[in-house]
Amino acid sequence: LGSSKMRAAALVALAAVMMVVVVCHCCCPVLGDAQASLSMDGDGQLRLQDSMRNTTLNAVMSGIEQQANATAALSTALAAVVTGLGRLNTSLTANLTAIGAAISQNSQDIADLQGAVLNGTQQIGNLSARLAETEAAIANNSAQLLLVLVQNNATNQTLAGALSTLQTLARNVSDQADQLASLLRTTVPQLAANITAARSVADATAGGVAELNATTLSLAAIVTALQVQSTNASADVRSLQSDVATAINNITALRQSQAAQNRSLADLADTSAQIAQNVSQLQAADEAQTRTNAQNDNTLVSHADRLAQLEANSSAQATLADQHSAAIASLVANLTLLAARLASQEAVLQANVTALQAKVGSLEAEVASLQESVLLLLCSKGLSAAVLQPIPSHTALDVEPFVLGSDIFLAVANFVDNGIYEINSVINILNPGTGQFVFYQNLPTVGASDLEFFTMGAQAFLAVANFGNGDNHTASSMVFVYNTSSLQFDEYQRFTTRGAHAWKFFAIGNASFLALATQDAPSALYKFNTSSLQFAAHQQVNTTGGSDWAHMLIGGVHYLAVANFIRRGESGSVGDNYNLTVDIYRYNAVSGFFDQTQSLNTTGAVGLTAFQMRGQWYLAVASNFNGNSYNIPSPIFRWDQGSTSFAFFQQLDTHGADAWEFFEVDGASFLAVANYYTANEVFRFNCVADRFDSALTLPTAGGEALRHFVIAGTHYLAAANFETAASPLYTMSANVTSPAV
């Protein structure tokens with residue numbers, strides 16, 4: 001809009017100049033004729049006046065061109081201001097986004113750095129522990145070597161072997177020290193790199209603020225340039241007004257000159273009598289000149305009117321120029337105010353960022369404090385138990401709770417009754433009215449040792465592991481299916497087994513598997529055949545006294561653990577070996593089979609329980625007997641993601657342990673063990689000390705199994721007792737203390 005007004009002013013000035021030219025050319029013939037009759041010098045004067053008018057016209061045109069250039073420059077500057085404002089807005093938005101992203105990235109980098117420090121600390125601790133163990137072994141071997149030297153100097157060959165062992169241990173210490181140094185060399189630069197990355201993000205944020213400051217300074221420079229160009233434009237307008245005034249004065253002088261010439265013509269008419277020979281010609285010329293003068297007068301009047309109009313237009317254009325100057329001044333003031341507001345907003349933004357960072361730090365501290373408070377609260381919770389009812393049983397080895405529709409069941413595996421192994425195992429159902437379990441169905445079994453409930457699609461199944469009939473461990477283990485018409489479990493499939501001890505069902509994708517642990521034969525994996533609708537042998541797993549299975553899905557990978565209980569001697573119990581292993585297998589998605597990846601040293605392992613607690617996987621092993629005593633500790637292993645293997649975590653004192661059961665009540669974590677020779681015991685996880693501590697004992701007689709389940713928010717713990725005709729069912733609740741039952 002401003003550029004259009006300036007172009008209009010320039011056109012008005014050009015019209016004024018053209019008017020001057022027209023007037024001059026209109027007047028030139030009269031002047032020429034009049035002066036021609038007087039002297040030749042008059043013609044030379046007119047040519048000089050024409051030259052002066054041309055010079056003036058050139059000067060005016062030059063001024064107009066300069067004014068047009070100034071107007072174009074002003075338009076360019078105004079466009080640059082608009083572009084600068086757009087860029088400034090984009091820069092501010094980008095800076096705000098970058099600052100928010102930088103804060104989020106800083107928080108993530110801090111979390112990653114803390115995780116890296118924790119992981120490095122754990123690895124250093126593990127290596128330090130291994131180094132300490134090796135140093136202790138060296139010290140022990142050195143002491144033994146010294147004793148051998150004192151007792152018998154003649155045993156040089158034995159001494160050489162001991163020295164070789166010592167050297168090997170020394171090399172192991174050196175290797176482990178090198179590993180520790182290598183880990184430190186790797187971890188420390190990584191920590192330094194993480195810190196440098198965090199600082200780089202902070203520097204990038206500071207760079208964004210510096211760029212914002214540079215943009216503000218650039219805007220100020222543009223404003224200053226606009227002010228200078230506005231001043232120049234005003235000066236050019238004033239110069240143009242001066243040129244127009246000069247042209248008006250020249251026209252006035254010409255009109256006065258013509259009036260004087262008219263008077264001279266009148267004088268010539270008065271002297272016509274004196275020059276008689278020219279009267280006729282002069283009269284004719286006078287008449288023609290009179291007509292021409294009348295026409296010129298009319299032309300002058302018209303030109304005067306146009307000049308007045310031009311003067312009015314010039315005044316209007318001057319007013320518009322003043323308004324334009326005022327608008328530019330207002331724009332400059334607004335831009336200055338905008339720059340001040342941007343600077344203020346930048347300061348506020350920086351203050352908000354600082355406050356936000358402080359608030360994030362405060363919130364992190366509050367979260368840490370809250371987490372610590374929650375941990376302390378969970379760690380302070382104990383557990384109480386009350387016997388709800390005794391469940392009838394005969395030397396029970398297992399209990400299995402499960403749900404079908406709205407019905408809740410509790411099955412009991414009965415092993416033997418007065419020397420008879422071919423007895424019924426029992427399924428009980430919960431009576432909603434009394435809140436008690438009552439008899440529902442018998443299942444024919446032979447020395448039943450384990451129950452496993454599972455579903456495939458819409459069908460429900462119950463697998464029974466039959467250990468055998470007395471000394472004859474060859475039996476048929478069975479899978480029963482729930483008949484939705486008769487509402488009973490019917491036999492579905494039989495498996496010939498020898499010393500079957502435990503089933504474990506699991507699924508991988510659409511494939512369903514049953515793992516069977518057997519003590520008198522290799523254990524086996526069965527896969528469900530969707531064509532025959534039967535489980536078929538899939539993979540044999542070599543075990544020695546196989547006693548239990550555990551399935552885990554860790555990081556998207558399927559793992560199996562199998563417990564080996566005993567390697568029997570050649571005659572009776574002589575030579576029996578209980579120091580065996582729990583073997584870990586990993587599923588190979590290419591071959592479709594499980595490959596062994598790890599062996600954990602254990603003693604008399606009969607039960608396995610895998611559980612996930614606070615994002616970590618654990619494997620609890622029930623150690624029953626070592627060949628001499630049942631009072632032996634049972635180990636717990638924890639998954640180490642770095643090595644993708646299990647590592648020793650803790651061992652707990654147990655007494656003929658047969659099974660573990662993990663459960664949580666009101667956020668507190670518990671691990672219960674079924675002890676055959678003492679009371680069953682419940683351990684609470686101490687989240688501060690990172691270990692399980694004893695929390696509750698439950699009187700028992702030949703504890704074989706424990707199963708936890710929840711009904712309508714109430715926690716239950718079912719026990720299988722071998723030595724009594726009933727197995728207790730407890731209700732569990734968390735409290736501050738842990739009274740014994």
Side-chain angles (χ1 to χ4, degrees), residues 388-394 396-414 423-445 448-466 476-495 500 502-508 510-516 526 528 530 533-535 549 551 609 659 661-664 705-720 726-732:
L388 176 65
Q389 74 174 104
I391 304 297
S393 60
H394 299 283
L397 290 185
D398 194 22
V399 288
E400 179 78 350
F402 57 92
V403 177
L404 282 176
S406 60
D407 294 323
I408 301 170
F409 298 87
L410 182 63
V412 180
N414 292 319
I423 60 175
N424 291 324
S425 292
V426 178
I427 300 176
N428 303 284
I429 188 172
L430 181 67
N431 185 329
T434 63
Q436 300 280 307
F437 281 94
V438 296
F439 172 80
Y440 182 76
Q441 181 184 352
N442 282 322
L443 295 177
T445 56
S449 58
D450 184 63
L451 298 168
E452 178 79 355
F453 175 81
F454 61 94
T455 60
M456 291 190 301
Q459 290 186 297
F461 300 86
L462 185 63
V464 179
N466 288 321
S476 292
S477 294
M478 293 178 288
V479 173
F480 295 87
V481 63
Y482 185 69
N483 188 323
T484 55
S485 298
S486 65
L487 304 182
Q488 296 284 299
F489 281 91
D490 299 333
E491 183 179 327
Y492 183 79
Q493 185 176 355
R494 286 175 175 257
F495 304 82
W503 286 107
K504 176 60 65 177
F505 174 84
F506 60 94
I508 300 177
N510 295 325
S512 299
F513 296 86
L514 269 178
L516 178 64
Y526 298 90
F528 189 73
T530 55
L533 301 181
Q534 296 282 296
F535 284 95
W549 285 97
H551 171 258
T609 294
E661 178 74 355
F662 174 81
F663 58 94
E664 293 183 338
L706 294 168
R707 292 292 184 270
H708 168 266
F709 58 100
V710 181
I711 301 176
T714 300
H715 291 263
Y716 297 85
L717 188 66
S727 296
L729 174 64
Y730 300 94
T731 58
M732 316 295 290

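Smallest separation of non-hydrogen atoms from Phe505 and Met456: CZ-CG, 3.9 Å. The nearest pair of heavy atoms linking Ala448 to Asn466 is CA-OD1, 3.8 Å. Here the closest heavy-atom approach between residue Ala720 and residue Val399 is recorded as CB-CG1, 4.0 Å. Between Met478 and Pro444, the shortest heavy-atom distance links the atoms CE-O, 3.1 Å. Of all non-hydrogen atoms in Met732 and Tyr716, the two that sit nearest each other are CG-C, 4.3 Å. Of all non-hydrogen atoms in Ser393 and Ala396, the two that sit nearest each other are CB-CB, 3.8 Å.
Taken to the nearest 0.5 Å, the CD atom of Gln389 stands 11.0 Å off from the OG atom of Ser727. Separation of atoms CZ (Phe495) and CD (Gln534) is listed at 7.5 Å; rounding is to 0.5 Å. Atoms CG and CZ, from Leu404 and Phe409 in turn, are 5.0 Å apart once rounded to the nearest 0.5 Å. Rounding to the nearest 0.5 Å gives a distance of 8.0 Å between CG of Leu717 and OH of Tyr730. The distance from the CD atom of Glu661 to the NE2 atom of His708 is 8.0 Å, given to the nearest 0.5 Å.
The aromatic rings of Phe528 and Phe535 lie perpendicular to each other, with more than 60° between the two planes, well past the 30° mark. The aromatic rings of Phe461 and Tyr492 sit perpendicular to each other, their planes meeting at more than 60°, with 30° as the lower class boundary.
In this structure, Ser449 contributes its side chain and Ala465 its backbone to a donor-acceptor pair below 3.5 Å. In terms of modelled atom types and a separation under 3.5 Å, the side chain of Thr455 and the main chain of Ala460 share no donor-acceptor contact. A donor-acceptor pair is defined here as one N or O able to donate and one able to accept, closer than 3.5 Å; such a pair exists between the side chain of Thr445 and the backbone of Ile423. With hydrogens and angles ignored, the 3.5 Å screen pairs a side-chain donor or acceptor of Asn414 with a backbone N or O of Asn424. In this structure a side-chain-to-backbone donor-acceptor pair under 3.5 Å is present from Asn428 to Leu410. Panel note: side chain Trp549, backbone Leu516; a donor-acceptor pair is recorded below 3.5 Å.
Applying the side-chain hydrogen bond (donor to acceptor under 3.5 Å, both in side chains) definition to pairs two or more places apart or across chains, those involving residues 397-412 are Asp398-Arg707.
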For residues 434-443, which side-chain donor-acceptor pairs fall under 3.5 Å, sequence neighbours excluded?
from   : atom 1 : to     : atom 2 : distance (Å)
Thr434 : OG1    : Gln436 : N      : 3.2
Tyr440 : OH     : Leu487 : O      : 2.3
Gln441 : OE1    : Phe489 : N      : 2.9
Gln441 : NE2    : Phe489 : O      : 2.8

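Inter-residue side-chain proximity for Leu451 and Phe480 is flagged as unmet; no heavy-atom pair is nearer than 4.5 Å.
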Step-by-step side-chain contact (heavy atoms from CB on, under 4.5 Å) determination, Tyr482 to Thr484
CA-CA 6 Å; Tyr482 185 69; Thr484 55; 4.3 Å; yes

Residue pair Phe454, Ser512: steps toward the side-chain contact (heavy atoms from CB on, under 4.5 Å) verdict:
CA-CA 10 Å; Phe454 61 94; Ser512 299; over 6 Å; no

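With sequence neighbours left out, Asn510 forms a side-chain hydrogen bond (donor to acceptor under 3.5 Å, both in side chains) with no residue at all.
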